[in-house]
2 protein chains.
Amino acid sequence: MGARLTSKNAARQDFMPLMRALVRAYQGFAAYAADGHRIAGLTAPQADVIFVLGNTGGMTFREIGEHTLISKGTLTGIVDRLEGKRLVRRVTSPTDQRCTQVQLSDSGGRLFEQHFPRQVDYLKQRFDRLSKTERAEAARLLEKLAAAFW
Amino acid sequence: MGARLTSKNAARQDFMPLMRALVRAYQGFAAYAADGHRIAGLTAPQADVIFVLGNTGGMTFREIGEHTLISKGTLTGIVDRLEGKRLVRRVTSPTDQRCTQVQLSDSGGRLFEQHFPRQVDYLKQRFDRLSKTERAEAARLLEKLAAAFW
DNA sequence: TATTGTTATACTCTATAACTATA
DNA sequence: TATAGTTATAGAGTATAACAATA
């Protein structure tokens with residue numbers, strides 16, 4: 001009976017090694033990525049915004065929010081700080097005056113073109129510790145897991 | 001030449017689907033877990049501390065920091081707020097007066113015993129969308145990935 | 001009326017470093 | 001001198017909700 005209870009509890013918590021591994025992998029990744037972005041003077045949310053704006057003509061707050069999962073109130077502050085660094089600008093949409101397009105400035109565009117490829121190489125070093133097959137399998141399983149939390 | 005550059009760039013960014021999947025899975029998990037903890041009035045870092053203290057006689061700040069990766073300055077504030085809610089207490093170590101043991105209070109112990117099993121079941125629902133085999137494989141790959149970021 | 005973005009409020013966490021008290 | 005924890009500082013992000021301008 002003690003044994004049965006123990007084995008039932010073990011089964012109940014069967015997912016915990018995966019949960020712990022997910023947290024460890026993400027925290028390691030996030031800290032490493034943040035170190036890379038710090039060189040460019042960006043926080044992670046700021047880098048996310050610059051990243052989604054790259055190679056676009058600009059996006060509204062609503063669109064940026066959809067891509068980054070950052071809420072509109074928070075986004076106002078992040079864009080304020082990016083605008084303070086002259087990396088983006090706000091442009092009111094001519095067709096709908098309620099909408100504000102956020103666009104990369106010239107220096108924001110240069111940052112995107114120079115910093116992000118370096119960041120990609122920097123990240124690649126670590127992700128490449130997994131083989132191509134392992135990366136594909138991990139991506140597939142994580143997509144399935146992500147879908148479970150929708 | 002265009003094609004070669006393209007394929008080289010494609011290979012250079014080969015890890016990005018995995019990176020995106022990692023971020024999506026973690027963010028989904030973190031938001032879902034935070035919703036569960038909110039019912040108990042806990043933030044994620046606060047829940048982490050309660051969790052590591054559970055089933056122990058207490059831990060010093062240093063030990064808690066090692067288990068949670070929270071720095072000592074930050075931990076002071078988190079423990080302050082948990083103490084304000086009467087979930088933990090500080091006890092100076094009798095053998096080394098520099099050290100403070102953080103212990104679950106009675107109500108902290110009850111919260112640990114009542115909330116955490118519920119949280120485990122609540123999380124399990126989602127993680128169980130992956131089969132046992134998939135969970136094991138995902139955990140293995142994520143551990144390997146986590147090790148790459150050490 | 002509904003939508004877009006801003007503002008206000010209040011809090012939590014973070015990093016960094018100086019500080020204290022003990023050892 | 002080294003260690004444990006606190007305090008100070010300054011910022012950044014979060015949630016929530018009320019708000020103004022526009023559609």
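Just so it is clear: chains get the letters A, B, ... in the order the sequence lines come, proteins before strands, and each one is counted from 1. When reading the values below, keep in mind they use all heavy atoms of this one structure, side chains included, and skip hydrogens, waters and symmetry mates. Here the structure is a predicted model, which is why all the values come from computation and not from measurement.
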What's the closest nucleotide to the [X] side chain, out of [options]?
X	options	result
B:Q46	C:dG5, C:dA23, C:dC13	C:dC13
A:T74	D:dG5, D:dA15, C:dT4	D:dA15
B:R62	D:dT22, D:dA4, C:dT6	D:dA4
B:I78	C:dT14, C:dG5, C:dT12	C:dT14

Counting the atoms with a prime plus P, OP1 and OP2 as sugar-phosphate, which does [X] contact under 4.0 Å by heavy atoms, base, sugar-phosphate, or nothing?
X	result
B:L75	nothing
B:G77	nothing
A:T76	base
A:R90	sugar-phosphate

Using atom [atom1] of [X] as one end and atom [atom2] of [N] as the other, report the distance to the nearest whole Å.
X	N	atom1	atom2	value
A:L82	D:dA12	CG	P	10 Å
A:E83	C:dG5	CD	P	14 Å
A:H37	D:dA12	NE2	C1'	16 Å
A:E66	C:dG5	CD	P	10 Å
A:D48	D:dA12	CG	P	16 Å
B:D96	D:dG5	CG	C1'	11 Å
B:F61	D:dT7	CZ	C1'	13 Å
B:K85	C:dC11	NZ	P	12 Å

Inset, instruction - Select from A:I70 and A:P94 the residue whose nearest nucleotide in DNA chain D is closer to the 5' end of that strand. - result: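 The 5'-side residue here is A:I70.
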Inset, instruction - Nearest-nucleotide wise, let me know which of A:T95 and B:G73 is further upstream toward the 5' end of DNA chain D. - result: B:G73
Between [Y] and [X], is the closest basic N to carboxylate O distance under 4.0 Å?
X	Y	answer
B:D121	B:R118	no
B:R86	B:D106	no
B:D80	B:R90	yes

Legend entry - Distance, nearest 0.5 Å, that separates CZ of B:F51 from NE2 of B:H37: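 Separation between the atoms: 8.5 Å.
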Looking at [N], I'd like to know if its phosphate oxygens (OP1 or OP2) sit under 4.0 Å from a side-chain N or O belonging to [X].
X	N	value
A:Q97	C:dG5	no
B:S71	C:dT14	no
A:R98	D:dA23	no
A:R81	D:dG11	no

Legend entry - Whether over 12 other heavy atoms sit under 6.0 Å from A:K132 NZ: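 For A:K132, atom NZ is not crowded (no more than 12 foreign heavy atoms under 6.0 Å).
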Legend entry - Nearest-nucleotide comparison on DNA chain C, the residue closer to the 5′ end among A:K72 and A:R38: A:K72
Inset, instruction - Check whether the ring centres of B:F116 and B:Y122 lie less than 6.0 Å apart, and answer yes or no. - result: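 No, too far apart.
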